[in-house]
Amino acid sequence: MESVSVGGGVRIAYERCGAGRPVALVGGTGMPPVAWELCGLRSALVDAGFKVVTYAARGVAPSDAPPAPYTVEALATDLAGLLDALQLTDVTVIGYSLGSFTTELLARTRPDLVRAAVLLAGAGPMTAVLDAVLQTGTALGSVTGHVPPAFTKLQTLLTSLPPEVLRDDEEQVRTWLELLDAQESLWASREGAAGQFAACDRWARDGHRMSALADIRQPVLVAAFEHDLYFPARSGKAAADALARGEFVAIPGAAHAGLLTHPKETTEALLAFLARTSTTRS
């Protein structure tokens with residue numbers, strides 16, 4: 001991967017592929033750029049005629065992991081610095097989970113960079129489940145000095161997969177446990193994990209998030225997964241309704257990790273939105 005300094009001495013690693021209108025993919029907590037290829041979205045975008053930028057957010061190897069805590073403001077500044085360094089404007093930005101927070105803020109604060117946005121599994125008011133998870137992670141971190149990997153592994157497992165898979169598909173559950181064990185090696189350091197968790201916590205508790213959605217003037221697709229406990233369909237619909245040019249789609253059968261468990265349905269929904277917005281200016 002190439003890398004670039006985005007300010008404050010932070011270096012961000014990135015990849016570019018394809019040609020055409022630019023699309024930036026912004027990953028969730030601890031998500032490596034290769035995940036966009038594993039779910040097939042990056043290849044599908046390239047095949048559809050887009051130039052795709054993927055990157056490792058601060059805290060995720062091989063990008064830098066400055067001392068925690070992080071903020072969504074810092075993550076959005078990193079992304080803006082990357083796009084500026086690559087001399088990209090008029091970008092469609094697709095953010096998943098924590099990346100959705102980053103995308104939402106970038107669209108509001110740097111409209112010169114963002115043509116259209118997709119907020120995938122990360123838009124809307126905070127749910128009681130997300131509140132409880134964040135409170136528990138913060139409490140554990142205050143005792144141990146970092147968010148324990150065992151806690152992250154368990155809460156990710158229980159929210160990533162649909163209920164019927166957790167209940168009935170022992171093989172798939174064990175496969176996910178192995179994948180989550182491997183994910184620990186993707187952090188640049190423990191600072192990275194703690195920093196991104198802190199960014200999630202602060203953003204989710206921001207009382208002005210929902211009202212600020214009205215300031216985003218670009219076309220925005222809010223995509224939710226049917227069984228997502230963090231950002232269920234009702235939360236996504238509320239976000240779409242608050243946006244000036246919001247659209248909403250619910251992807252059936254999937255939980256929070258629908259990007260990986262339901263890649264075909266997710267990719268189809270996103271490509272349809274890009275087709276509608278790639279020929280009209282925001």
Side-chain angles (χ1 to χ4, degrees), residues 1-17 22-39 41-42 52-86 88 91-110 113-114 117-123 134 137 146-147 149 152 156 180 182-204 206 230-231 256-257 259-260:
M1 298 181 71
E2 301 175 83
S3 67
V4 64
S5 177
V6 295
V10 177
R11 294 199 68 83
I12 296 296
Y14 69 93
E15 294 178 311
R16 292 176 288 187
C17 56
V23 175
L25 302 180
V26 190
T29 305
M31 182 173 165
V34 70
W36 296 107
E37 188 60 40
L38 293 176
C39 73
L41 181 59
R42 182 168 64 180
V52 182
V53 176
T54 58
Y55 72 104
R58 65 165 64 195
V60 177
S63 291
D64 287 346
Y70 305 161
T71 64
V72 172
E73 288 79 5
L75 295 171
T77 298
D78 290 347
L79 176 54
L82 174 61
L83 297 180
D84 284 337
L86 298 180
L88 294 177
V91 182
T92 297
V93 184
I94 300 174
Y96 165 70
S97 196
L98 172 60
S100 174
F101 305 164
T102 304
T103 300
E104 182 180 318
L105 186 59
L106 185 73
R108 176 153 51 90
T109 58
R110 288 293 307 271
L113 295 177
V114 181
V118 176
L119 308 180
L120 178 61
L134 292 174
H146 67 281
V147 181
T152 303
T156 301
L180 293 172
Q183 187 183 30
E184 281 301 310
S185 66
L186 300 175
W187 291 109
S189 70
R190 284 187 172 181
E191 290 285 350
Q196 289 199 2
F197 188 91
C200 288
D201 185 80
R202 180 177 174 184
W203 177 263
D206 184 345
Y230 292 156
F231 291 95
H256 190 67
L259 182 65
L260 293 171

Participant: Between CZ of F231 and CG of L120, what distance do you get to the nearest 0.5 Å?
Facilitator: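 CG of L120 is found 11.5 Å from CZ of F231.
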Participant: Looking at CG of L98 and CE of M31, how far apart are the two atoms once the value is rounded to the nearest 0.5 Å?
Facilitator: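 Reported value, rounded in 0.5 Å steps: 11.0 Å.
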Participant: Between the main-chain N or O of A68 and the side-chain N or O of E191, is there a donor-acceptor pair closer than 3.5 Å?
Facilitator: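 Here the side-chain-to-backbone pair exists.
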Participant: Mark yes or no for whether Q196, through its side chain, and G30, through its backbone, hold a donor-acceptor pair below 3.5 Å.
Facilitator: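 Between the backbone of G30 and the side chain of Q196 there is a qualifying donor-acceptor contact (under 3.5 Å).
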Participant: So if I apply the side-chain contact (heavy atoms from CB on, under 4.5 Å) rule between L83 and each of D78, L88, V114, which one comes out positive?
Facilitator: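 Checked D78, L88, V114 against L83; only one passes side-chain contact (heavy atoms from CB on, under 4.5 Å): L88.
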Participant: What are the two closest non-hydrogen atoms of R11 and S3, and how far apart are they?
Facilitator: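 Residues R11 and S3, closest heavy atoms: NH2-O, 3.1 Å.
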Participant: Any chance you could measure T77, atom OG1, to R58, atom CZ, to the nearest 0.5 Å?
Facilitator: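 Output value for this atom pair is 8.0 Å.
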Participant: Show your reasoning for whether side chain to side chain contact (heavy atoms under 4.5 Å, CB included) applies to V93 and L79.
Facilitator: CA-CA 10 Å; V93 184; L79 176 54; 4.2 Å; yes
Participant: Please report the closest heavy-atom contact between L25 and L41, naming both atoms and the distance.
Facilitator: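 So the two residues come closest at CD2-CD2, 4.2 Å.
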Participant: R42 side chain to W36 main-chain N or O, any donor-acceptor pair under 3.5 Å?
Facilitator: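 No, because the side chain of R42 does not come within donor-acceptor range (under 3.5 Å) of the backbone of W36.
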Participant: State, without any angle test, whether R202 and T71 hold a side-chain donor-acceptor pair at a distance under 3.5 Å.
Facilitator: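 The criterion, which ignores hydrogens and geometry beyond distance, is not satisfied for T71 and R202.
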Participant: Does S63 use its side chain to pair, donor to acceptor, with the backbone of A13 at less than 3.5 Å?
Facilitator: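 Yes; at least one donor-acceptor contact below 3.5 Å.
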Participant: So do the side chains of L113 and V91 get within less than 4.5 Å of each other, counting heavy atoms only?
Facilitator: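 They are not in side-chain contact.
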Participant: Which heavy-atom pair separates L106 from A80 by the least distance, and what is that distance?
Facilitator: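 Distance-wise, the nearest heavy atoms are CD1-CB, 3.8 Å.
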Participant: Looking at T156 and T152, what are the two nearest heavy atoms and their distance?
Facilitator: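 Closest heavy-atom pair between T156 and T152: OG1-O, 2.7 Å.
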Participant: Give me the atom names and distance for the closest heavy-atom approach of G81 to V6.
Facilitator: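 Taking G81 first and V6 second, the nearest heavy atoms are C-CG1, 3.8 Å.
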Participant: Could you grab the distance from atom OG of S100 to atom OH of Y230, nearest 0.5 Å is fine?
Facilitator: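 Result: 14.5 Å between the selected atoms.
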Participant: Keeping the roles fixed (side chain from D64, backbone from V10), state whether a donor-acceptor pair exists under 3.5 Å.
Facilitator: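 No, the answer is negative, given that no donor and acceptor are paired below the 3.5 Å cut-off.
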Participant: Between V60 and W187, is a side chain to side chain contact (heavy atoms under 4.5 Å, CB included) present by the stated rule, with each step listed?
Facilitator: CA-CA 5 Å; V60 177; W187 291 109; 4.1 Å; yes
Participant: As a quick check of understanding, evaluate side chain to side chain contact (heavy atoms under 4.5 Å, CB included) for D84 and R110, giving each step before the final call.
Facilitator: CA-CA 11 Å; D84 284 337; R110 288 293 307 271; 3.2 Å; yes
Participant: First locate atom CG of D206, then atom CG of D201, and finally report the distance between them rounded to the nearest 0.5 Å.
Facilitator: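 With rounding to 0.5 Å, CG (D206) is 11.5 Å from CG (D201).
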Participant: How close do A35 and L260 get, counting heavy atoms only, and between which atoms?
Facilitator: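 Nearest heavy atoms, A35 then L260: O-CD2, 4.2 Å.
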Participant: Nearest 0.5 Å, what's the CD1-OH distance between I12 and Y55?
Facilitator: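 I12 atom CD1 to Y55 atom OH measures 7.5 Å (nearest 0.5 Å).
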Participant: So V118 and Y96, do their side chains get closer than 4.5 Å, heavy atoms only?
Facilitator: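 The answer is no; the side chains never approach within 4.5 Å.
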